[in-house]
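As structure tokens, the structure follows; a few thoughts come after it.
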Amino acid sequence: MIRHLVMWDVRGATRAEKDASIARLRHSFESLRGRIPGLLRLEIGVDTSRADYACDVVLFSEFASQAALDAYGTHPEHLRVKQELGDLRIARHQVDYTVED
């Protein structure tokens, strides 16, 4: 199994604007459930610490295999989400790792 973690900072000059950006991001990614072969789990977490070094949002996802994660990268539904979100994200960090039983 492969875990795919992505963290973002999102646009917004005010807390309300950031919250709207986060809601859009959450809705877009949650729409992928059941549409991507090999995507076993998808969870969106929103930072509650408000620490100045914290990211706004994290995507936690698990894939059946590296091949499933690779296919996700070019899957039309994932590409749709990327297009929907456009320049909403201002910073992005990613970690992928293999989960050993």
Side-chain angles (χ1 to χ4, degrees):
M1 181 178 358
I2 302 291
R3 287 203 177 125
H4 174 67
L5 305 173
V6 185
M7 294 177 288
W8 298 279
D9 286 322
V10 297
R11 291 201 186 285
T14 66
R15 186 75 243 165
E17 289 175 357
K18 274 194 171 278
D19 288 346
S21 293
I22 290 167
R24 251 181 80 201
L25 188 144
R26 178 191 298 266
H27 178 352
S28 291
F29 273 96
E30 287 179 347
S31 74
L32 295 177
R33 286 194 178 108
R35 296 180 178 207
I36 308 287
L39 175 59
L40 306 175
R41 182 174 175 195
L42 182 143
E43 179 179 308
I44 298 290
V46 178
D47 178 61
T48 59
S49 74
R50 304 268 167 106
D52 62 348
Y53 53 83
C55 293
D56 296 317
V57 183
V58 63
L59 165 70
F60 174 90
S61 54
E62 292 179 332
F63 290 84
S65 64
Q66 183 63 51
L69 175 57
D70 293 344
Y72 165 75
T74 59
H75 191 281
E77 288 296 311
H78 180 240
L79 296 177
R80 172 189 57 81
V81 165
K82 286 176 70 174
Q83 183 177 358
E84 281 178 8
L85 299 176
D87 66 349
L88 183 89
R89 300 160 295 190
I90 57 176
R92 181 181 186 279
H93 307 278
Q94 176 178 324
V95 174
D96 296 331
Y97 61 95
T98 302
V99 177
E100 301 293 334
D101 288 339

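Both backbone and side-chain heavy atoms feed into the values below; hydrogens, waters and symmetry mates do not. Quick note: residue numbers are just sequence positions, from 1.
Every residue was checked against the side-chain hydrogen bond (donor to acceptor under 3.5 Å, both in side chains) condition with Arg33, not counting sequence neighbours, and none meets it. Checked against side-chain hydrogen bond (donor to acceptor under 3.5 Å, both in side chains), Glu100 has no partners two or more places apart in sequence or in another chain. The side-chain hydrogen bond (donor to acceptor under 3.5 Å, both in side chains) test applied to Ser21 returns no partner, not counting sequence neighbours. Qualifying ring-ring contact (aromatic ring centres under 6.0 Å, His included) partners for Phe29, counting only residues two or more places apart in sequence or in other chains: Trp8. The side-chain contact (heavy atoms from CB on, under 4.5 Å) test applied to Ala16 returns Thr14, not counting sequence neighbours. Residues satisfying the side-chain hydrogen bond (donor to acceptor under 3.5 Å, both in side chains) test with Ser31, not counting sequence neighbours, are Arg80. In this view, His75 satisfies the ring-ring contact (aromatic ring centres under 6.0 Å, His included) rule with no residue, not counting sequence neighbours.
To the nearest 0.5 Å, atoms CG (Leu25) and CD (Glu30) are separated by 9.5 Å. Taking CG from Leu42 and CZ from Phe60, the interatomic distance works out to 10.0 Å, rounded to the nearest 0.5 Å. The line from CD of Glu84 to NE2 of His27 is 7.5 Å long, rounded to the nearest 0.5 Å.
Across every non-hydrogen atom of Ala64 and Ala68, the tightest pair is N-CB, 4.3 Å. Taking all atoms of both residues into account, the shortest heavy-atom contact from Ile22 to Val10 is CG1-CG2, 3.8 Å. The shortest non-hydrogen separation linking Leu85 to Ser28 is CD2-OG, 3.7 Å. The two residues Leu39 and Ser61 come nearest to each other via the heavy atoms CD1-CB, 3.9 Å.
Connection of Val46 to Leu59 is established within a shared hydrophobic cluster, with ILVMFWY side chains joined at heavy-atom distances below 4.5 Å, either directly or through further cluster members. Cluster annotation: Val95 and Leu69 are assigned to distinct hydrophobic clusters (Ile/Leu/Val/Met/Phe/Trp/Tyr, side-chain heavy-atom contacts under 4.5 Å, transitive). Taken together through direct or relayed side-chain contacts under 4.5 Å among Ile, Leu, Val, Met, Phe, Trp and Tyr, Leu40 and Leu5 form part of one hydrophobic cluster. Each of Met7 and Leu32 belongs to its own hydrophobic cluster when Ile, Leu, Val, Met, Phe, Trp and Tyr are linked at side-chain heavy-atom distances under 4.5 angstrom.
Note on residues 46-57: pairs passing salt bridge (Lys or Arg N to Asp or Glu O under 4.0 Å), not counting sequence neighbours, are Lys18-Asp56. Evaluation of the side-chain hydrogen bond (donor to acceptor under 3.5 Å, both in side chains) test over residues 35-44, restricted to residues two or more places apart or in two chains, returns Arg35-Glu77, Arg41-Glu43. Every pair tested for ring pair (Phe, Tyr, Trp, His ring centres under 6.0 Å) that includes a residue from residues 79-101 fails, sequence neighbours excluded, so the list is empty. Among residues at least two apart or in separate chains, salt bridge (Lys or Arg N to Asp or Glu O under 4.0 Å) pairs with a member in residues 58-70 are Arg3-Glu62.
Under a 4.5 Å side-chain heavy-atom criterion applied to ILVMFWY residues, the cluster that includes Ile90 comprises that residue alone.
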Could you please spell out the steps behind the side chain to side chain contact (heavy atoms under 4.5 Å, CB included) verdict for Arg26 and Val57?
CA-CA 9 Å; Arg26 178 191 298 266; Val57 183; over 6 Å; no
Could you check Asp96 against Gln66 for side chain to side chain contact (heavy atoms under 4.5 Å, CB included), going step by step and ending with a plain yes or no?
CA-CA 9 Å; Asp96 296 331; Gln66 183 63 51; 5.6 Å; no
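No more than 12 heavy atoms of other residues, nucleotides or ligands lie within 6.0 Å of CD in Gln83, so this atom counts as exposed by the packing criterion.
Ring geometry, Tyr72 versus His4: the interplanar angle exceeds 60°, so the pair is classed perpendicular (tilted spans 30 to 60°).
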